[in-house]
Structure formats: C-alpha cells, structure tokens
S.K.: 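Dropping the structure in here first, questions after.
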Amino acid sequence: MAKRILLDVDTGIDDSLAILYLLASPDAELVGIAATAGNVPAPQVAANTLAILDLADADDIEVALGAAEPLAIPLRTTEDTHGPQGLGYAQLPASPRPLSDRSAAQMWVDQVRAHPGELTGLCTGPLTNLALALRLEPNLPLLLDRLVIMGGAFNHPGNTTPTNEWNIHVDPEAAKEVFDAFSAVPPGRRPVVCALDITETIEMRPDHLVALAEAARSTPPELVNEDFDTEWRSAATNPVIAYLTDAIRFYFDFHHSYDLGYLAHVHDPFAAAVALDPGLAVTKPATVDVELTGRLTRATTVADWAGMWGREPNADIVIGTEPGIFFDRMITRVGALARRLDMEHRSDMEHRR
Ligand code: RIB
Ligand code: CA
C-alpha cells in the first residue's frame, strides 16, 4: 500500500533529490507539493519544483505557491548554499505548467479534509505554510496520519547560527506554532523530527554520484572533486544523472568551502525515506519547543527528554539510523527511475522517426 505524501519543500538541491526519491519509490504516492520560501523565494521554489517534476515526467502533480514571507520576520534566503536559482550549477528548462489555483496553505487544508487520516505530511523546508494551514484548520494534526519534519538541532550544533538549523531559523514563529499544535495528538501521531543530529550523518560523496550513474547505465562515470572548475558541467548521457551531478556538485563545493569535507549533507531525501519507512529510524519521544526571544538563541529547538516542563511529548525525534541503508535504497531507486525515464525518452524518439 503506497504512502500518500503531502510534501512541503523549499527546493533547493536536497529537496530536489527528495522529490526524485519519492517519485522513484513504488511505496509513495505524491498527492501535492507546497512551495515554501526558504532556500530561495517561494516563486523560485515553485519554478524549481515544477522543473524537477517535468524532468521526471511527473507533470500531473499539483504544486501550490506558498506565502512570500515568514509569519513575523522578513524572508532570508541562502543562494550561497543552493546556487543562484536553488539548483546548484544545474539549469533546467522552465516548466510550461501552471501552478495550482489555490495557495499552499489552502492545499494543505483541502487535502487533509478530503482524505482524513490517510496522508503523511512531509516538510523539508521552513514551516510557514503548515503553520498558516493550522490557523485555517486547527484540527489538521488529527486529520493527518503522520507528519515528518526535516528541521531543528538538539544535542548538536546548528548550521545557521551556533544553535539553530536553517528551516527553523527562517521562520521560528511558524515552527513554534506547529510544535505547539501537535501537543495534544496521541503517541502514534507525534511528528517524526529528522534534525541535524542525524541528517548530518547522511553524507553524500562523489562516489555516490558514480553509483547513481552506474545504476542508471549513464556514461561517462564522472568522479567529481574539489579541483573541478565551477564552469564544468556534467556530460552524462542520462538527463536525471546530469542534473543531479551539476546540482549536488555545488553542494559539495559549499560544504568543502566550510571545511566540512568534499561531501553534502542530504537532509531532505533522508526525511523522505523515513516518511516512507519509519523503520529506518530509531526515535525517542520528547517535548519540543522553539526559543523566540533569546538574543543568542532565537530559533533554537529545545527538547525536554525527561518531562521537566511537565508537558506531554509532542515529537518523536530521530536519534539513530544506518546511513548506508539509506544510500543503498536511494541509489537503487533513483538510479532505476533515471534509467526508466531515459529508456522511455529513447523509445519515444525511435517512434517519432
Ligand atoms: O538545514 C537543512 C535544511 O535547510 C534542508 O532542508 C535544506 O534544504 C535547507 O532547506
Ligand atoms: Ca529543504
């Protein structure tokens, strides 16, 4: 039985790999995508998301535009991390497909009301539009089957300030409203939180790109490294592999420039894999709240693991996983998708001759 996923992204490089992973997964049905401002402004997130869907011939999936700004503060974007358009060095043709007529928040509300108890929400960007949806439909937590969030940092340094993580940093008020809204759900419905504690162990490396190319039967194999010129672009015969190589190489360069190694923390596809298979993650319940007023700590996610606040847990935080299992599954699935799409395109070309 496929998991019906309502996805909320700020496409971005790793968001795009999460979308491809879901499209490549037979146990996933993508019912709609909300475009949230974060890595890049919301209209660019929406354009990137449509372009990725077109790359994967998934042109029947609704993409709804989210709010232009966070709930209470001006938008901050991070083109230095994800590239000028948000897809690294890659450039995809603009999709001719129109965006949904409804807003991202309205799509959240309409979808959970239409399919009560059936949908898994997966958020890989700031929580602005989920918070707006909760304001429209306070019962949303009980209308979802489950929520999976990529965000936060607990017993682990932040990646945006010393203590906070990007998705929460962009809209901490929204994050607080979301965690507060899930304070009354039963244990089996608590949000699963994939924070930096775990997602920074999901280290994609150049040989993973080579393995993806091999799985897709794409040539030539391209083992990129830090000496490649920024102007270099993939010559891969497979369009999905060429895209991923050019997108993720930017992410490698970014992490390398911050002395993290020539690698990329692929946060979002890991969260997508957990959404489809919670068995990938070891979790521990905690009460999560978000600091909003600290001069040094604003937007920090705080976990009360021991009930010191006297409040029921509102999250299941991922505390363990086996990265190798994720990478094997991601490479197998996305590699097979890339190969299938390429074979279909070649077959179409043959028929047109
Ligand atoms: O902190 C990592 C998160 O911020 C990822 O979702 C990445 O895409 C950015 O949105
Ligand atoms: Ca993201």
Side-chain angles (χ1 to χ4, degrees), residues 5-22 33-42 44-49 51-52 63 66-67 70 75-88 90 104 121-130 147-154 156-172 174-175 178 191-204 244 247-248 250-255 258 260 263-275 290 299-301 317-318 326 330:
I5 303 288
L6 188 50
L7 181 61
D8 194 320
V9 293
D10 65 335
T11 312
I13 295 166
D14 58 333
D15 304 76
S16 73
L17 183 53
I19 294 168
L20 291 171
Y21 180 84
L22 292 169
I33 305 179
T36 291
N39 290 324
V40 290
Q44 188 64 57
V45 170
N48 291 346
T49 301
I52 293 293
V63 177
L75 174 62
R76 177 185 172 192
T77 56
T78 183
E79 286 80 1
D80 61 322
T81 308
H82 289 265
Q85 285 188 303
L87 298 178
L122 170 59
C123 295
T124 65
L127 297 172
T128 308
N129 294 295
L130 178 52
L147 177 66
V148 178
I149 294 169
M150 190 281 128
F154 296 101
H156 192 86
N159 64 357
T160 306
T161 71
T163 61
N164 69 41
E165 177 277 326
W166 173 257
N167 288 335
I168 310 301
H169 175 90
V170 168
D171 198 341
V178 168
V192 178
V193 182
C194 302
L196 295 183
D197 307 53
I198 289 297
T199 64
E200 287 195 348
T201 70
I202 313 298
E203 297 180 338
M204 190 161 181
L244 286 172
I248 294 171
F250 189 98
Y251 224 13
F252 288 154
D253 287 346
F254 171 79
H255 287 74
Y258 280 84
L260 295 168
L263 55 87
H265 298 140
V266 285
H267 315 270
D268 297 342
F270 174 74
V274 170
V290 182
T300 299
T301 47
I317 299 174
V318 178
F326 162 75
M330 186 273 287

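Counting starts at 1 for both ligands and their atoms, following the listed order.
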S.K.: Once the angle between the rings of His265 and His255 is folded into 0 to 90°, is it parallel (under 30°), tilted (30 to 60°) or perpendicular (over 60°)?
M.R.: perpendicular
S.K.: Quick check on contacts: which atoms of ligand 1 are under 4.0 angstrom from a heavy atom of Asp10?
M.R.: 8 (O), 10 (O)
S.K.: Search all heavy atoms of Ala42 against all heavy atoms of Gly66 and return the closest pair with its distance.
M.R.: CB-O, 3.9 Å
S.K.: For atom 4 (O) of ligand 1, what's the nearest protein heavy-atom neighbour? Residue, atom name and distance, please.
M.R.: Trp166 CD1, 3.1 Å
S.K.: Any side-chain donor paired with an acceptor under 3.5 Å for Asp80 and Thr78?
M.R.: yes
S.K.: Please determine which of His267, His156, Glu165 meets the side chain to side chain donor-acceptor pair (under 3.5 Å) test together with Thr199.
M.R.: His267
S.K.: Which pair of heavy atoms, one from Thr36 and one from Asp10, lies closest together, and at what distance?
M.R.: O-CB, 3.2 Å
S.K.: For atom 2 (C) of ligand 1, which protein heavy atom lies nearest, and how many Å away is it?
M.R.: Glu165 OE2, 3.4 Å
S.K.: For ligand 1, which atoms, with element, lie under 4.0 Å from some heavy atom of Met150?
M.R.: 2 (C), 3 (C), 5 (C), 6 (O)
S.K.: Would Asn39 count as being in polar contact with ligand 1, using the rule that some N or O on each side must be under 3.5 angstrom apart?
M.R.: yes
S.K.: Only one of Asp15, Ile52, Leu7 passes side chain to side chain contact (heavy atoms under 4.5 Å, CB included) with Ile33; say which it is.
M.R.: Leu7
S.K.: Under 30°, 30 to 60°, or over 60°: which ring-plane class applies to Phe270 and Phe326, parallel, tilted or perpendicular?
M.R.: perpendicular
S.K.: Can His82 be said to touch ligand 1, with heavy atoms closer than 4.0 Å?
M.R.: yes
S.K.: Using side-chain heavy atoms (C-beta onward) and a distance below 4.5 Å, is Trp166 in contact with Asn39?
M.R.: yes
S.K.: Output all residues satisfying salt bridge (Lys or Arg N to Asp or Glu O under 4.0 Å) with Asp253, sequence neighbours left out; order by chain, then residue number.
M.R.: Arg249
S.K.: Students should be able to answer this: which protein heavy-atom is nearest to atom 6 (O) of ligand 1, and at what distance?
M.R.: Asp268 OD1, 2.6 Å
S.K.: Which atoms form the tightest heavy-atom contact between Glu79 and Pro84, and what is the distance?
M.R.: CG-O, 3.7 Å
S.K.: Check the Ca ion (ligand 2) and write out every protein N, O or S atom at under 3.0 Å, as residue and atom.
M.R.: Asp10 OD1, Asp15 OD1, Asp15 OD2, Thr124 O, Asp268 OD2
S.K.: Closest by any non-hydrogen atom to atom 8 (O) of ligand 1: pick that one out of Ile149, Thr199, Asn159, Asp14.
M.R.: Asp14
S.K.: Can you name the atoms of ligand 1, numbered from 1 with element, that are less than 4.0 Å from a heavy atom of Thr124?
M.R.: 6 (O), 10 (O)
